[in-house]
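All ligand and atom numbering here is 1-based and tracks the order in the structure.
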Amino acid sequence: MRDLPEPIRPGTPRDSGGKGAIDIDGVSIVFGHGDAAHTAVETTSLRVEPGEFVCILGPSGCGKSTLLNAVAGYVTPHTGEVRVDDTPVRKPGPDRGMVFQQYSLLPWKTVRDNVAFGPLMAGASPTEAGAVANTFLNMVGLKKFGSRYPTELSGGMQQRVGIARALANYPSVLLMDEPFGALDAQTRLVMQENLLEIWRKFGITVMFVTHDVDEAVFLADRVLIMSAAPGRIIEDIRPALPRPRSTDMVALPPYIAARQQCHEVIRAESRRAFAEQNL
Ligand code: ADP
Ligand code: MG
């Protein structure tokens with residue numbers, strides 16, 4: 001069950017219990033037309049259960065962002081359909097929060113106003129939206145920074161604002177595209193732990209794109225490995241690590257086993273792609 005922080009958004013808060021199922025059903029994605037047509041994602045099917053934390057892992061250019069963008073509603077599949085809680089995805093919506101690698105905050109607004117923006121657009125009063133923003137800033141450890149401007153914060157802090165902003169709409173699915181890719185290794189570890197804490201509190205479904213095997217194994221219930229371009233999911237690995245996770249678990253045998261399994265799949269896939277290029 002979800003444990004939404006107080007105060008909850010005014011009106012009827014989204015009943016998120018049991019929500020956040022994602023169905024990717026025979027989806028292929030093609031860019032361009034005619035001779036210029038280019039398949040970014042090959043026919044792919046996948047079911048993500050409510051509250052699961054899945055990582056999409058694959059080499060650069062294999063179609064990870066494209067697949068995520070189809071769930072977000074930014075990209076329309078060529079074939080098949082994406083459904084979130086049985087509703088076909090046709091465009092972006094407040095049930096799906098998105099966090100990008102680039103912090104994409106509004107530089108002319110304070111941190112609090114950046115987070116309050118979604119609730120305001122959804123019809124909350126400025127006072128209510130401000131209260132929601134404070135709640136989520138607190139959750140990501142930035143309670144004291146609401147009056148600052150984004151450029152006054154470090155990269156890690158800006159990304160935490162991005163996460164607070166995505167959560168402020170009470171989405172049932174959080175979509176994250178290499179969100180910690182631009183951060184240094186130390187900050188990244190802290191961010192990963194913080195994200196897992198938020199995920200646990202919130203009970204939200206997370207679909208997290210990364211090209212980093214360690215990040216995927218540390219975070220995920222399921223690591224979904226994509227093939228080289230055009231991408232499709234070729235492996236579904238479930239690291240047998242307990243929750244809550246902590247960084248010292250990287251020495252545990254199940255961590256090492258899952259990591260090795262990922263590397264083996266990736267190695268075999270790279271060899272296959274390389275051989276194909278040389279035909
Ligand atoms: P990844 O996120 O795994 O690095 P992407 O999903 O960004 O890969 O890209 C997959 C393929 O689709 C690449 O060949 C990329 O050039 C192409 N692509 C992505 N977005 C577009 C777009 N809007 N228009 C045309 N081609 C695109
Ligand atoms: Mg990408």
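A salt bridge is defined here as a Lys NZ or Arg NE, NH1 or NH2 lying under 4.0 Å from an Asp or Glu carboxylate O, and Lys19 with Asp95 fails to meet this definition.
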key: Evaluation steps, side-chain contact (heavy atoms from CB on, under 4.5 Å), between Glu81 and Arg90   = CA-CA 9 Å; Glu81 185 176 72; Arg90 308 243 184 267; 4.2 Å; yes
message = side-chain contact (heavy atoms from CB on, under 4.5 Å) for Phe53 and Leu196? Distances and angles first, verdict last.
response = CA-CA 9 Å; Phe53 197 124; Leu196 286 180; 3.8 Å; yes
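The aromatic rings of Phe100 and Tyr74 are tilted relative to each other, their planes meeting at an angle between 30° and 60°.
Using a cut-off of 2.8 Å, one finds that Gln101 contributes no N/O/S atom close to the Mg ion (ligand 2).
Residues lining ligand 1 at a heavy-atom distance below 4.0 Å are given as Phe31, His38, Ala40, Pro59, Ser60, Gly61, Cys62, Gly63, Lys64, Ser65, Thr66, ordered by chain and residue number.
Counted by atom type alone, Ser28 and Thr79 present one or more donor-acceptor pairs between their side chains at under 3.5 Å.
More than 12 heavy atoms of other residues, nucleotides or ligands lie within 6.0 Å of CZ in Arg188, so this atom counts as buried by the packing criterion.
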